[in-house]
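Taking it in order: structure first as structure tokens, then the write-up.
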Amino acid sequence: MSKNTEKALNILRALPRVCLANIRDNPGSRLGPKRGRAQHGGDKHGAGNKGSGQRQNYMRLGYETGNNPFYLRFPQENYYKGHHLKRQYPPLSMLELQKLIDTNRIDVSKPIDLVSILNTGLYRLFPDQHQFGVNLTDEGADIFCAKINLEVQWASEIVIAAVEKAGGVITTAYYDPYSLQAMVNTTKFFQRGVPIPRRMIPPPDAIEYYTDPAKRGYLADPEKVSEERLVLAQKYGYNLPKIENDSEYDMLTERKDPRQIFYGLHPGWVVNLRDKIILKPKDEELLEYYAS
Amino acid sequence: MIRRDFFKRILLIQRNVSARYSSSDLNQINIQKLEAEQSTEVVDEALQQREAELEQKRNKSRLKDNHRRILNDEDPFPEPELWYQGTLKYVRRSYGRYGASSGIDPAYCWPIKQELMDAIEYEQIKYPYTIGEMAEKAKLKRAEKEQSIMNRQRDISKKLEKLEQWKLELQQKIIKKETEANEAKARRERLIEEVRRHFGYAVDPKDEKFKELLEKREKEQRKEMKEARKKAKEERATKKLLQSTKTNVKQEEPDDTKQEKLE
């Protein structure tokens with residue numbers, strides 16, 4: 001056998017087998033739908049009588065048959081300018097968070113991030129609707145008493161003060177929509193059989209927030225953050241609990257890498273839930289890509 | 001698009017096939033070894049065949065093979081039947097769901113060269129600046145905004161300082177206008193009175209004669225006022241002249257010293 005013949009045979013071997021599922025019908029074997037001539041033969045087929053209803057050529061949305069349409073009547077609404085592009089952070093109150101902790105839905109002995117909040121099933125997130133994570137609101141801040149290592153996407157000053165007063169730490173971190181989609185349903189993501197992606201850097205209009213030590217941004221200088229912790233304690237008048245002397249020091253000081261999405265898993269790794277294994281790339285190019 | 005997919009698939013399957021071939025080679029080697037070791041091989045094969053036959057007969061579910069495999073939590077299509085079943089996405093998903101039992105090389109999970117290059121290019125375009133650069137920019141922007149606010153506040157406070165003066169000026173202007181209007185009114189009344197006195201009796205102000213005389217008087221009055229204004233102007237001019245000559249005489253000496261210095 002020549003080389004070409006072998007190649008052609010190889011291709012032929014690899015082609016899908018002909019079966020009932022992938023063969024085309026005989027030409028003319030399928031008849032198109034016929035208009036019946038029985039009981040409802042001459043009817044309008046439920047489309048009403050006359051006009052755009054019958055002809056099903058409806059007017060475009062917002063059209064008012066020649067009137068100046070409402071949606072064009074007012075020349076501008078600057079308050080809503082770019083509203084469809086703004087980042088949204090669906091709220092979660094501190095009261096709810098406390099309740100999740102008290103009802104054992106969140107493990108306090110481990111760092112808490114978006115994944116653990118989503119895994120409770122009581123907080124939902126839709127990254128395709130421009131939602132970018134949790135906005136922890138201050139409702140119930142005065143009864144919050146859990147010592148946690150918390151990571152949210154947006155937090156006010158009072159919330160930060162409440163968490164730190166209780167002996168915990170809080171970080172605000174940005175996740176791009178693709179990473180968020182992986183976090184929303186981790187099982188589904190791992191079943192896709194693709195490596196864990198790198199977390200992308202925040203967009204220019206969010207960089208100020210996530211590099212601000214006063215907001216506990218994940219890109220801020222840790223030394224400045226600890227300074228700001230002291231400043232906030234003095235502002236709100238509470239004694240800042242010392243983390244250095246804490247028995248859970250390791251847990252409280254654990255942070256994700258700015259490129260990391262899941263605790264303990266690095267970008268580029270493939271998790272197979274069926275075999276319960278983690279696969280790591282060895283290729284130099286891949287390693288370089290995922291390390292950067 | 002479809003063609004590209006097709007070739008990708010073909011390539012992939014070839015790889016797959018080669019992988020499978022290598023594994024079957026291994027099996028053959030094993031069998032040969034076993035054959036060399038044991039002589040009961042033939043019996044086992046027959047048993048296996050019978051078992052398979054029996055299994056086929058026992059299967060009365062009438063399910064399609066792929067559906068039956070789904071029921072048993074196995075890869076429904078171990079060999080591609082439809083065009084999309086050879087695509088990278090599908091293969092990765094099969095591995096993700098069925099693990100090593102799907103017979104797919106896990107190396108397919110990671111991006112191929114083209115995908116990697118595309119990803120790198122995409123990121124270069126989407127994220128042209130580093131975090132440091134962006135932070136610096138944001139800082140500058142913030143500072144600029146604050147500066148513009150400060151400038152505006154300063155402007156406003158500067159203008160507010162002059163507000164009282166402007167109020168006074170306006171008040172004076174109003175008063176002046178009022179007094180002028182009053183004066184004009186008084187003057188006209190006086191004129192009318194004079195004309196009346198000239199006629200000696202109460203004349204109707206709409207009368208032609210009255211009007212003529214009034215106009216004449218008004219003209220005279222205007223002339224007088226003009227002269228008075230001229231006189232005042234002249235007086236002011238002479239005063240100014242006198243003053244300037246006086247100051248010139250005074251300033252002559254220091255002017256000389258200045259010139260000397262310049263020389």
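Chain identifiers are assigned alphabetically (A, B, ...) following the order of the sequence lines, protein sequences preceding nucleic acid strands; residue numbering begins at 1 within each chain.
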What part of Leu219(A) gets within 4.5 angstrom of chain B, counting heavy atoms only: side chain, backbone, both, or neither? side chain
Looking at CZ of Phe132(A) and NZ of Lys86(A), how far apart are the two atoms once the value is rounded to the nearest 0.5 Å? 14.0 Å
Chain A heavy atoms under 4.5 Å from Tyr127(B): which part of the residue, side chain, backbone, both or neither? side chain
Side chain from CB out, backbone as N, CA, C, O: work out which of these in Ile207(A) comes under 4.5 Å of a heavy atom of chain B, or both, or neither. side chain
May I have the step-by-step check of salt bridge (Lys or Arg N to Asp or Glu O under 4.0 Å) for Glu208(A) and Lys215(A), ending in yes or no? CA-CA 10 Å; Glu208(A) 203 178 12; Lys215(A) 306 283 193 316; over 6 Å; no
In terms of heavy-atom contacts, Gly133(A) and Gln153(A) come closest through CA-OE1, 3.6 Å
Name the member of Cys109(B), Ala138(B), Ala100(B), Ala135(B) that forms the most heavy-atom pairs with chain A at distances under 4.5 Å. Cys109(B)
Which answer fits Phe189(A), side chain, backbone, both or neither, if we ask what part of it has an atom under 4.5 Å from a heavy atom of chain B? neither
Select one option (side chain, backbone, both, neither) describing which atoms of Asn272(A) are under 4.5 Å from chain B's heavy atoms. side chain
So how far is it from Ile201(A) CD1 to Arg259(A) CZ, rounded to the nearest 0.5 Å? 6.5 Å
Contacting region of Tyr129(B) [heavy-atom separation from chain A under 4.5 Å]: backbone
Run the numbers on Lys139(B) and Glu136(B) for salt bridge (Lys or Arg N to Asp or Glu O under 4.0 Å), then give the verdict. CA-CA 5 Å; Lys139(B) 220 177 183 180; Glu136(B) 198 70 21; 5.6 Å; no
Most contacts with chain A, counted as non-hydrogen pairs under 4.5 angstrom, among Lys141(B), Lys64(B), Arg142(B), Glu123(B): Glu123(B)
Fit a plane to each ring of Phe262(A) and Phe190(A), take the angle between them on a 0 to 90° scale, and name the class: parallel (under 30°), tilted (30 to 60°) or perpendicular (over 60°). tilted
May I ask you to name which of Met134(B), Lys137(B), Lys126(B) has the most heavy-atom pairs under 4.5 Å with chain A? Met134(B)
Is the Lys NZ or Arg CZ of Arg198(A) less than 6.0 Å from the centre of Tyr289(A)'s six-membered ring, within 45° of the axis? yes
Where on Arg17(A) is there a heavy atom nearer than 4.5 Å to chain B: the side chain, the backbone, both, or neither? both
How long is the straight-line distance from CG of Asn66(B) back to SG of Cys19(A), given to the nearest 0.5 Å? 9.0 Å
Closest-packed option against chain A by number of heavy-atom pairs under 4.5 Å, given Lys113(B), Glu81(B), Glu133(B): Glu81(B)
